[in-house]
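The shown structure was predicted, so the numbers you read here are calculated from the model rather than taken from an experiment. Below, each value reflects all heavy atoms present in this structure, side chains not excepted, and no hydrogens, waters or symmetry copies.
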Amino acid sequence: MEYNHKEIESRWQNYWRENQTYKTVENPDKKKFYVLDMFPYPSGAGLHVGHPLGYIASDIYARFKRQQGFNVLHPMGYDAYGLPAEQYAIQTGQHPEKTTNENIARYRSQLDKIGFSFDWSREIRTCDPEYYKWTQWAFMQMFNSYYDLDERKACPISRLTEHFSLHGSEGIHPAATKEIAFTAEEWNALSEKEQRERLMNYRIAYQGETMVNWCPKLGTVLANDEVSEGLSVRGGFPVEQKMMNQWCLRVSAYAPRLLDDLDTLEWSDSLKETQRNWIGRSEGAEMRFPVADKDIELEIFTTRADTIFGVTFMVLAPESAYVPMLTAPEQEDAVKAYLDEVKHKTERERQIEKKVSGVFTGSYAINPLTGKKIPVWVSDYVLAGYGTGAIMAVPAHDSRDYAFARHFSLPVIPLIEGADVSEQSFDAKEGKMINSCGPKLDLNGLDVKEAIAKTKKFIEEEGLGKVKVNYRLRDAIFSRQRYWGEPFPVYYKDGTAYLMEESALPLQLPAVSSYLPTEDGQPPLGRAENWTTPEGYPIELCTMPGFAGSSAYYLRYMDPHNDKALVSKEADEYWRNVDLYVGGSEHATGHLMYSRFWNKFLYDLGLVVEPEPFRKLVNQGMIQGRTNFVYRIKNTNTFVSHGLRKEYDTTPIRVDVNIVSNDVLDTEAFRSWRPEYADAEFVLEDGKYICGYAVEKMSKSMFNVVNPDDIVDRYGADTLRLYEMFLGPVEQSKPWDTNGIDGVNRFLKKLWGLFGKADLTAGKEMTREEKKAVHKLIRKITEDIENFSYNTSVAAFMIAVNDLTSLKSTNKDAMDIITRLIAPFAPHIAEEFWHRLGHEGSVVDAEWPEYDEKALVEDTVKYPVSFNGKMRFMVEAPATASKEDVERLALSDSNASRWLDGKTPKKVIVVPGKIVNIVI
RNA sequence: GCGCACGUGGCGUAAUUGGUAGCCGCGCUAGACUUAGGAUCUAGUGUCUGACGACGUGGGGGUUCGAGUCCCUUCGUGCGCACCA
């Protein structure tokens, strides 16, 4: 009987649906396992063949764990808020919900064809009120919390206000935007409005005037991870810096924990490194420099306290609050001119120019160690948002300070022995200190590391400053001037933000007449009628960013229909966190950081039991497109084959990969592809038209998109699944190449044939060879799945099937084991076999087979043979051979006589299974 | 510039983790069969050589009886961060 994938696959997909085979129910008697894919944004283009790669890998793992007896949670849903649907809505006037739902329906039908074991009863959509109620609810908890630096956790804001009213800011250390000191009397004297304003300084979800990434083209602000090299990640539009009053999340407060807990995770080193870079911990010292003739101290941050004797100038960021304080009257015009110049440059312009610029303030600081006067400058190479926005410049040992010093002819004092600073700075933290002796501190002769430690100690003792750890991680900007997102449960009374009651949740998106900003520049929600509370107070017009909905979605799958809580205590304590998370590494600094933060916040509140959301993470590689080219001879409609194109003057043209097979063009299909090619002529080689190719991003415009539906239709889902895994390691990026899929399809046909010929009589023992082939396979597949090494698994199946085919007879037990082993990879064909073998129920619950050590003993063992400890050759002996047999074999080898050269060995040592040592 | 990966046939890849490099598949070559196909089966396929054999894991060096694997160095590719003081 032929292998008919269409008939088999549709039959079992229906069976799974009718029997709710993949529905998961909490079961305290079974150990849990949570396998999660990063949920997709349902774009209008549908799935291409690259999307399912990670889903297939995780599905294999989920099915494997289920067969091992775990209660597996393997859900799927949609990250449904997003810019493309809104952009489309702006163009067409169609509600984004409509396009989103259409796209979701398309995704679902594509996913269903591949045979995933998702529990669809737990599906979630971020734009569903039942879901986003809890996104809004989490925001409210963050608004009502502050981060306590002493307890290293989030605490209720009421605790803070209570403390303020009793003791002022004394004796409590909340993470703050700005450090403010005040007494209880001062606090109590503030009006309610003023108190609320001050609390914004501490709330975890707070409103603040901050420098934001403003994208005029998208009409919205963006988070740091949504901007790359001065352009928006979505769309690639220029992004400028702008001060705006925005909702923010105090992610920075969690920086130390986000960093430390990375060590507890099973993530790839490179991804952890990326997060470490992004968090950017640096240990240093905050120091105060008195300003000459003024009652001001200039506070700076440095990691190189040891270089204090080489400070020849100070630099302030243009936005620094020190600038107006330190600008001398005679320099006022020059400083103002410089600030104007800087302000008009976008982030991108600043980056591209990389031109040294700056202006002298007219003031001098005093080096606290030498008493020398040093000039204070302003320059945009110092960032306002990092450290204190002011630095001490040591041109000899910092390349940026060096460039600045050379440009403005400022002095350079070398501090390290043998460092040549005539051409460039010496930035390395190594060497012996020189020129570093003052009245109270002598660093000369010390190693740099010792000098740093000694200086830090000194400045703490002398009260010149304090040791401090700084982080690069910034707070996340949480407002978007957009329509298609979660509304904030916030209204304004007299310009002050108030939270709504919890009973108002979910706060649903109102209808608007247009999705564009209003004429006076308000976000689209400004167009909504009656966008007020029942009392008539206006509601926030911004919506939440994409990461709001995706930050805690893994929790919601545990208890998706609960309308009393984000997740019930019982469900959370059972499922805890994600055991295996699969998704792209492009989320390293965005989603994966926000989710960890969000989870830690909920953990602090005692709402979840695990401090980290994703225990093990696997990043699947990107599947790139493999674009095919045809070569048109200039000014003609004649196309020349790839090998002959050099003989003509040609233009390469991208051609739809779906009319090309193994790089051979279907010339008829090409003629009917587009009207202008209807009368195309071809110059062939060997009777074929061969196309060229290049690896590019898979996209419609490159004509290189391969739709999984087409592959499933032609070869079946099982072939697609196996082939995607066979392509190479899951983590690796690679171009999609349909060439080669025949090999995998052939394997499935062989397996089908093997089953057809098998002797299904029960109770017959496997032969020795069968046993060996089958148990080798069990061991290999079990190891491979744990290691995510699916490409070698597929190879192992191929070998086993070839072995068994050549053995002629195959018995029932062997087929039974192979069926269980292949079930995670090719569930449809496995289900078919499972039922033909006479089993009840689904192969999903088939117990994973254990391998038999005895069946695995190799026939032969290889021994390295050494003479006086020097290895000379290898000899192969039967596994059952005795020491004496091995010795005899080694000595009778033709190599042995060469090395012995007629002598008799003094002694022969045989270590069973290891080595033969011959002493001459 | 700093950090992290990686470099093996014509191609995708594999190598019990230091033990005979190239498993499996694609492609290619030859043959068989045939209802002539984008089907199936058999054999071969790292390079050089008629053969024996020699050489082979980006280049150079080292450790070791033995190196794709470990160390140093150099070249190249990919990714992340980047005026972060």
Interatomic distance where CE belongs to Met392(A) and P belongs to C83(B) [whole Å]: 21 Å
Protein-nucleotide distance (Trp377(A), atom CH2; C83(B), atom C1'), rounded to Å: 18 Å
Sugar-phosphate only, base, or nothing, as touched by Ser379(A) at under 4.0 Å among non-hydrogen atoms: nothing
Candidate nucleotides C26(B), U40(B), C41(B), ranked by approach to the side chain of Asn739(A) - the nearest: C26(B)
The single option from Val376(A), Ile300(A), Val382(A) passing side chain to side chain contact (heavy atoms under 4.5 Å, CB included) against Leu316(A): Val376(A)
Anti versus syn assignment for U45(B), with syn defined as within 90° of 0: anti
Sugar-phosphate, base or nothing in reach of Arg626(A), heavy atoms under 4.0 Å: nothing
Residues Tyr851(A) and Thr782(A): side-chain donor-acceptor under 3.5 angstrom: no
Asn802(A) vs Lys780(A), nearer the 5' end of RNA chain B by closest nucleotide: Lys780(A)
Sugar-phosphate, base or nothing in reach of Asp401(A), heavy atoms under 4.0 Å: nothing
Sugar-phosphate, base or nothing in reach of Arg714(A), heavy atoms under 4.0 Å: base
Sugar-phosphate, base or nothing in reach of Arg746(A), heavy atoms under 4.0 Å: sugar-phosphate
Value in whole Å for how far the P atom of G80(B) lies from CG of Asp269(A): 17 Å
Which residue lies more 5' along RNA chain B, comparing Leu727(A) with Arg304(A) via nearest heavy atoms: Leu727(A)
Exercise: do Tyr715(A) and Thr738(A) side chains pair donor with acceptor under 3.5 Å: no
Distance test, side-chain N/O of Arg472(A) to OP1/OP2 of C81(B), below 4.0 Å: no
